[in-house]
Protein chains: 2
Amino acid sequence: MNPVRRDDPLPEAELTFLLGMAFQLVLAEFNDRVAAVGEGDLRPVHGMVFQLLARTPVTSSELAERLGVTKQAAGQIVDDLERRGYVRRDPHPAGGRRKLLVLTDAARAHLAVAGRVLHTLEAELADRQEGATLAPLRTGLAALIRTLTGDDLPPLRPVW
Amino acid sequence: MNPVRRDDPLPEAELTFLLGMAFQLVLAEFNDRVAAVGEGDLRPVHGMVFQLLARTPVTSSELAERLGVTKQAAGQIVDDLERRGYVRRDPHPAGGRRKLLVLTDAARAHLAVAGRVLHTLEAELADRQEGATLAPLRTGLAALIRTLTGDDLPPLRPVW
DNA sequence: GACAGTGAGTCAAGCTGCTTTACTTGATGG
DNA sequence: CCATCAAGTAAAGCAGCTTGACTCACTGTC
């Protein structure tokens, strides 16, 4: 149980600040753990790519939209991932210049590992929070997101 | 009131994802509003600098520590802010090569404006959340931060 | 009172991940 | 045909940081 602190800055902190701090800490911890199991050569954005492609293969322009970057940037990311054997560029069934991005087994393996790490982390966080469950936090966040977006969720991007 | 949606992805989303999304949305909204009142030439990191210097002037090495960057990077940020008239480098009372970074009135004016924008934004968010108050969200975030940090808060940095 | 050590600051170069601009390539409709 | 359009690629540029190497002012030590 956390002892009461004098001069605790957190209760007075802005919501925005709390959000940033919490996100940074959780993501950093996630990164560290992913690196610790030997998957440190992939950044979170690569995980995002894998998650997007896992459901259904898309073209790199669609990927760019989903990531919220230019198609050139998406192309560079794909170049890198292709070079390292995580994705392939297959000819698109609809023809044209399009290419379908498909995941290799290496990518799916990473996705599985990263998913386990993430769930373990969140479970640990829930455990360590003795009294407070994470549920109200989740619903609060979801409500906040809803009020700021309307129906469709924008791409998750670095904003700093 | 938000209608119930079919296939709402939010309840199934990872906590980490919710945090990132919420932070991004709130910060983007804050940025837009700050830009809308004509203060768009300053990024959040500059606001962080101003906040740090407002309490008590520090040297640029201390600033670097607080920001979590190298002292060269802090120096570059200060160069920029000095050029644009937001900070001065005053001789340090303790002598040496040190210089004290002090805010100009322009910086304090920005700080006041940005503070108002931030509080207005958070108040609006609270209002729009009809039933749910933001209080449980704040306490949940604070608890999460506490379990991840121990006593002293690390610098708030881009982590993507 | 020289003199190695220390810590703040600075100069310069390099790197990463993106953007902007400009182009090529294949499909489509008049 | 050919104008047009969308997907993709190529090249250059840029912002914001880092690493490495240095200068300068002060500190102790003998």
Side-chain angles (χ1 to χ4, degrees), chain A residues 24 27-28 31 35 40-49 52-53 56-84 86-102 154-160, chain B residues 24 27-28 31 35 40-49 52-53 56-84 86-102 154-160:
Chain A
Q24 170 182 6
L27 187 57
N31 265 334
D41 57 334
L42 290 168
R43 294 180 299 132
V45 63
H46 300 134
M48 289 289 302
V49 171
L52 288 173
L53 297 184
T56 162
V58 295
T59 68
S60 89
S61 287
E62 287 172 310
L63 178 64
E65 265 185 60
R66 299 297 199 93
L67 292 180
V69 297
T70 60
K71 57 184 184 175
Q72 291 91 331
Q76 290 173 17
I77 294 172
V78 171
D79 282 346
D80 177 43
L81 291 176
E82 188 178 34
R83 225 180 357 88
R84 304 194 312 189
Y86 290 109
V87 306
R88 287 197 323 270
R89 285 172 157 122
D90 281 1
H92 196 285
R97 281 202 89 182
R98 288 179 224 185
K99 294 167 188 171
L100 261 193
L101 304 176
V102 300
L156 184 50
R157 296 213 34 199
V159 272
W160 200 232
Chain B
Q24 170 181 5
L27 186 57
N31 265 335
D41 57 334
L42 290 168
R43 293 179 302 130
V45 64
H46 300 134
M48 289 290 301
V49 171
L52 289 173
L53 297 185
T56 162
V58 294
T59 68
S60 90
S61 287
E62 288 172 309
L63 178 63
E65 266 185 58
R66 300 297 200 90
L67 292 179
V69 299
T70 61
K71 58 183 184 175
Q72 292 92 327
Q76 290 173 17
I77 294 173
V78 172
D79 282 345
D80 178 43
L81 291 176
E82 189 178 33
R83 226 178 359 86
R84 303 194 312 188
Y86 290 110
V87 305
R88 287 196 323 269
R89 285 171 158 124
D90 281 1
H92 197 286
R97 281 205 91 182
R98 287 178 226 185
K99 294 167 189 170
L100 261 194
L101 304 176
V102 300
L156 184 51
R157 296 211 32 198
V159 274
W160 201 233

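All chains are named by letter (A, B, ...) in the order of the sequence lines, taking the proteins before the strands, and each is independently numbered beginning at 1.
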(message) Measure CG/A/D90 against C1'/D/dA7 and give the value in whole Å, please.
(response) 16 Å

(request) Using whole Å, report how far CG of B/D79 lies from C1' of C/dA8. (result) 14 Å

(request) Grab the CZ-C1' distance between A/R97 and D/dA6 for me, whole Å please. (result) 10 Å

(request) Using only side-chain N and O atoms of B/R43, determine if any of them is under 4.0 Å from OP1 or OP2 of D/dG16. (result) yes

(message) Given the structure, check if the side chain of B/Q76 and the base of C/dT10 hold any donor-acceptor pair shorter than 3.5 Å.
(response) no

(message) When you measure only distances, ignoring hydrogens and angles, does the side chain of B/Q72 come within 3.5 Å of the base of D/dG16 through a donor and an acceptor?
(response) no

(request) Please state how far atom CG in A/D80 lies from atom P in C/dC15, giving the value in whole angstrom units. (result) 16 Å

(message) Please report the distance, rounded to the nearest Å, between NZ in A/K71 and P in C/dT24.
(response) 14 Å

(request) Answer with base, sugar-phosphate or nothing: what part of the nucleic acid does B/T70 contact at a heavy-atom distance below 4.0 Å? (result) base

(request) Calculate the interatomic distance between A/H46 atom NE2 and C/dC18 atom C1'; express it in whole Å. (result) 13 Å

(request) Would you classify A/G96 as touching base, sugar-phosphate or nothing, given that sugar-phosphate means primed atoms plus P, OP1 and OP2, and contacts are heavy atoms under 4.0 Å? (result) sugar-phosphate

(request) Return the value, rounded to whole Å, for the distance between atom CZ of B/R98 and atom P of D/dT27. (result) 9 Å

